Amino acid sequence: MDMKQIEAKWQAKWEKDKLNYFNKKNVDKKFYCLEMFSYPSASKLHLGHWYNYGLTDSYARFKRMKGFEVFQPMGFDAFGLPAENFAIKTGKHPELTTLENIETMEGQLKAMGAMFDWNAEIKTCMPDYYKWTQWLFLKLYENNLAYRKEAPVNWCPSCNTVLANEQVDDGHCERCGTQVIKKNLTQWFFKITQYAEELLSCLDGLDWPEKTKAMQKNWIGKSSGGEITFTAESGDEFKVFTTRADTVFGVSYVVLAPEHPLVKKLTTEDRAKDVEKYVEETAKINEIERLSTTREKTGVFIGAYAINPANGKKVPIYAADYVLYSYGTGAVMGVPAHDARDYLFAQKYDLPVNVVIRNPKGETELPYCEDGMLVNSLTFDGLSSEDARKAILNSLSKEGKGQHKTNYRLRDWLVSRQRYWGAPIPMIHCPHCGTVPVPYKDLPVELPKDVEFRPDGKSPLAKCESFVKVKCPVCGADAERDVDTLDTFVCSSWYYLRYPDNKNEDMPFDPEIINQMLPVDKYVGGPEHACMHLLYARFITKALRDMGYLKFDEPFTSLTHQGIILGPDGNRMSKSRGNVVSPDTYIEEFGSDVFRLYLMFGFDYTEGGPWDDNGIKSIAKFVERIERLVTKVCSYKPEKNVQIGKEEKDLLYAEAYCVKSVDRDMNVFSFNTAIARLMEFVSAINKYDGLSEKSNSLILKAVDTLILLLAPCAPHFAEELWAMRGNKKSVFLEDYPVCDENALVKDEVELAVQINSKVKAKINVSKDATDDEIKAIALANDIIKKIVGDSQVVKVIIVKGRLVNLIVK
RNA sequence: GCGGUCAUGGCGGAAUUGGCAGACGCAUAAGACUAAGGAUCUUAUGAGUAAUUUCUCGUGCAGGUUCAAGUCCUGUUGACCGCACCA
């Protein structure tokens, strides 16, 4: 069969018949199947795209044949750093290259033969889309979910530019090798932390991989404890967060993060030089290193002291890089006796170790980090750690020096980027009115085309005078636009809401439509998005719900991660390794259906693995085998009466078993086993067909079932076979085969007979034999009789349909 | 470092969720068909041992729970993914 020709033929027919377009009339049967949209890269569709889109398309087609009205859209996450970097290198405008790349990828995606609804396409870099990204920003601002504060960025002092983390190579600029430092800029944040609790608690109800839920849970990082206020001698107060308020009487020092504003203020003159140097050094180290527990703890005494509110004792204040300004309050209390990290720190800086918790079960070895019984803690002595935590915080809160507090590791989402190729932040800075939102009627704030985006220390948009200069929408004075752009994660945090109503010019989406079409029923994408994209999207959904636009709580009801296809050498594919496998050559040789079938068959979908093309030829043979079979049986004439004998029963069993297995496997993305069952079925049909006495009717029925089951996995090929069988309608308009449960019932079942848990023999028993009968048959077996001999059977375990285990003494 | 995942024949991978380990396929071998076979069909294929239908071992490693463990528990080794400005 000429695969290329039939691919083109059926793709054209599907398009002509509008087969793949969602029919709004059937919205009550909707199934929203979504794949994470792709970044339009210059290197075209790679194996990963195919693996995600091709195989999920088979799942979508399966759902369609199961009677759902499937909505499967596709689009492009088109803003982002690579296009901008490419532009800096080559001078080609990001818009030009991005749109070129999109066009290429659209062509390839169409050639894949997936049932994408191209009417619903979106591209995030187009004004008709980012207008609504900006709308989203304004709505969040309006609802106090967007705010500005200072935050550090990676700064290369030589290139004079902000660097993304990935552009920092071991603390140095990837372009020029200069040591990267941290620099504070005022930037926009989304208040995702306001939803921390709900983002955590709703995880339980989601049909998501457990590992993904676990990762999000840890990412949100809820911990219960308290805040305790320490007072510096200067009178300045600062709070520390602790989960171990029971150890507060053991505090021998406190630590401020080097970035903490009080560090500068409280440092005494004689310590200023050392402290300044230390803070400078800290700016060069990234957070992963700072938090490493194996790295030696460093810190510097700032010369000032603070009062412990619990006992009034004066303790020294240190600045140390193991405390992060972004987590908790940016300050911690040091209790060397009961915290491993503090213990090491105290030893290094010769600080006192005050034992305040005793091990109730024996020796109190330091550092003792478990719960225990309080000592040296005044009126709290004798309490358990658990009770003391409550009591101490209650007591401190009466004096206004402490309170119970739940803390989250989750931080607010920094959305400002000092970049060109992104959606402009729709805000205006007015010398009189302050920060003013762009009025909705003035959206979109268009990204100017003629901009110098080579790095020179400023946001590219800051250099575009025609963009920056604007009248204040409130007072009309000369004002300036915000010159930063939005993180591309903002674009992708709401795109699934735009697809079903992508041409709406008045709203980002019509709530009435969206509340019918969402939530997404199945979302498929890589596990690398477990914490960021998937959390951001959940947050935005909840925020929009609270504003009254949405009636659902979660965007993605069910989630599946595809695995990663590695290069043949077992490493991640990359140009530098030279192990990139392109789908194109295989598609050229075997066609897209064979390629898709091989991806389905060769890997565990959620695991992925190294590419190996040995198997693809066997899939091509499998396809040819089916073609020969169908060609042959097309000339068969069905007979009126069918005699059902043993061979016929076997064939009907094989058919029912295949339908049942493939149905179940397709539903859970277990494509490799589904294809394996189809292979078995083909063998079973061939075997029956080889008999001298056979029923043509049964063979024809089996072959039709085979084609229907195969259709989602090899769409063009199955259409062609279906037409060969004389059908005029598309195979995708047929119903999915239903398993004949009666055919699955075997009169006899085979059981393994174990003696002391080791298999020794097999027996056949009637399907409804009682336990006593099974036992009798097992004991009557010659081999078993011999082994059991004179020993006594003390116990019999029967697992229905599986085995019988005789425990013998 | 923290968080997460994984480990099964020569290879890719199955195992109904605690019940016959190795489905299906690749590779290999033997045979059939053939003028020919890199096509097609049939059979065999975890390791060792026995040599008909035997026994033993076997799911990274070391323990444990259980009548029964690839699956559950404890420890351990290795590989991979994410870590907040790649998308």
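Lettering of chains follows the sequences in order, A, B, ..., and the numbering in each one begins at 1. Source: prediction; values computed, not measured. FYI, side chains are in, hydrogens and waters are out, and symmetry mates aren't considered; it's all heavy atoms of this structure.
Taking atom C1' on both nucleotides, B:rG64 is separated from B:rA15 by 24 Å, rounded to a whole Å. Rounded to the nearest Å, the gap between the P atom of B:rA68 and that of B:rC20 is 15 Å. Between B:rG63 and B:rG12, the distance separating the two C1' atoms is 32 Å to the nearest Å. On the P atoms, B:rC73 is 15 Å away from B:rU65, given to the nearest whole Å. Taking the P atom of each, B:rG10 and B:rC6 are spaced 23 Å apart, rounded to whole Å. Going from the C1' atom of B:rA14 to that of B:rA84 covers 39 Å, rounded to whole Å. Here, B:rU74 and B:rG22 have their P atoms 29 Å apart, quoted to the whole Å. Rounded to whole Å, the separation between the C1' atoms of B:rU56 and B:rA51 comes to 16 Å.
No engagement by A:H533 is indicated, since no non-hydrogen atom pair under 4.0 Å with the nucleic acid exists. Within the 4.0 angstrom heavy-atom criterion, no nucleotide atom of any strand lies near A:W413. Among the atoms of the strands shown, none is found under 4.0 Å from any heavy atom of A:S492. Contact annotation for A:G422: no contact, since no heavy-atom pair falls under 4.0 Å across all strands. Nucleic acid contact for A:Q187: base, since at least one base atom lies under 4.0 Å from a heavy atom of the residue. Within 4.0 Å (heavy atoms only), A:V153 reaches at least one base atom of the nucleic acid. Using a 4.0 Å heavy-atom cutoff across all strands shown, A:E607 reaches sugar-phosphate atoms only and no base atom.
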Show the numbers, then the answer: is there a salt bridge (Lys or Arg N to Asp or Glu O under 4.0 Å) between A:R419 and A:D484? CA-CA 6 Å; A:R419 300 281 168 189; A:D484 287 350; over 6 Å; no
Carefully, step by step, assess A:Y195 and A:L145 under the rule side chain to side chain contact (heavy atoms under 4.5 Å, CB included). CA-CA 10 Å; A:Y195 285 87; A:L145 290 168; 4.1 Å; yes
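Comparing B:rC83, B:rC85, B:rA87 by their closest approach to the side chain of A:W219 singles out B:rC83. Distances from the side chain of A:A214 to the nucleotides B:rA87, B:rG4, B:rA84 place B:rG4 closest. Among the nucleotides B:rC85, B:rA87, B:rA84, the one closest to any side-chain atom of A:L414 is B:rC85.
Atom CD1 of A:I784 and atom C1' of B:rU53 are 14 Å apart (whole Å). Distance CG (A:L566) to C1' (B:rA79): 11 Å, rounded to an integer number of Å. In this entry the distance linking CH2 of A:W611 with C1' of B:rG13 reads 15 Å, nearest Å. In this structure, A:N218 atom CG and B:rG4 atom P are separated by 5 Å, rounded to whole Å. For A:Y327 and B:rG1, the OH to C1' distance is 16 Å, given to the nearest whole Å. Rounded to an integer number of Å, the gap from A:D604 CG to B:rG70 P is 20 Å. Nucleotide B:rC81 holds its P atom 15 Å from the NE2 atom of A:H561, rounded to whole Å. The CZ atom of A:F489 sits 11 Å away from the P atom of B:rA84 (whole-angstrom rounding).
Base orientation at B:rU17 is syn, since its O4'-C1' glycosidic dihedral falls within 90° of 0. Nucleotide B:rG58 is shown with an anti base, its glycosidic torsion being more than 90° from 0.
At the phosphate of B:rC85, OP1 or OP2 sits under 4.0 Å from a side-chain N or O atom of A:R417.
Classification of the A:W611-A:F595 ring pair by plane angle, with boundaries at 30° and 60°, yields tilted. A:F603 and A:Y51 have perpendicular rings, their planes meeting at more than 60° on a 0 to 90° scale where under 30° would count as parallel. Ring geometry, A:H533 versus A:H529: the interplanar angle exceeds 60°, so the pair is classed perpendicular (tilted spans 30 to 60°).
Residue A:W188 is tested with A:F137, A:W413, A:Y147 for a ring pair (Phe, Tyr, Trp, His ring centres under 6.0 Å); the sole match is A:F137.
Side-chain contact between A:L414 and A:R417 is present, with at least one heavy-atom pair separated by less than 4.5 Å. Between A:F76 and A:N101 the shortest side-chain heavy-atom distance does not fall below 4.5 Å.
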Pairing of RNA chain B as dot-bracket, 5' to 3': ( ) intra-strand, [ ] crossing, | other strand, . unpaired, with Watson-Crick or G-U pairs under 3.5 Å? (((((((..(((......[....))).(((((.......))))).(((......)))..(((((..]....))))))))))))....
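Between A:I564 and A:P610, the one whose closest nucleotide on RNA chain B sits nearer the 5' end is A:P610. Both A:K758 and A:K795 lie close to RNA chain B; mapped to their nearest nucleotides by heavy-atom distance, the more 5′-ward contact belongs to A:K758.
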B/S/- along nucleotides 17-29 of chain B (protein heavy atoms under 4.0 Å) is --BB--BBSS---
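No hydrogens or angles considered: a donor-acceptor pair under 3.5 Å links the side chains of A:W494 and A:T133. A:D665 and A:T673 share a side-chain donor-acceptor pair at under 3.5 Å.
Heavy-atom neighbours of A:E741 CD from other residues, nucleotides or ligands within 6.0 Å: above the threshold of 12.
Because its NZ or CZ atom is not both nearer than 6.0 Å to the ring centre of A:Y688 and within 45° of the ring axis, A:K694 does not count as a cation-pi partner of that residue.
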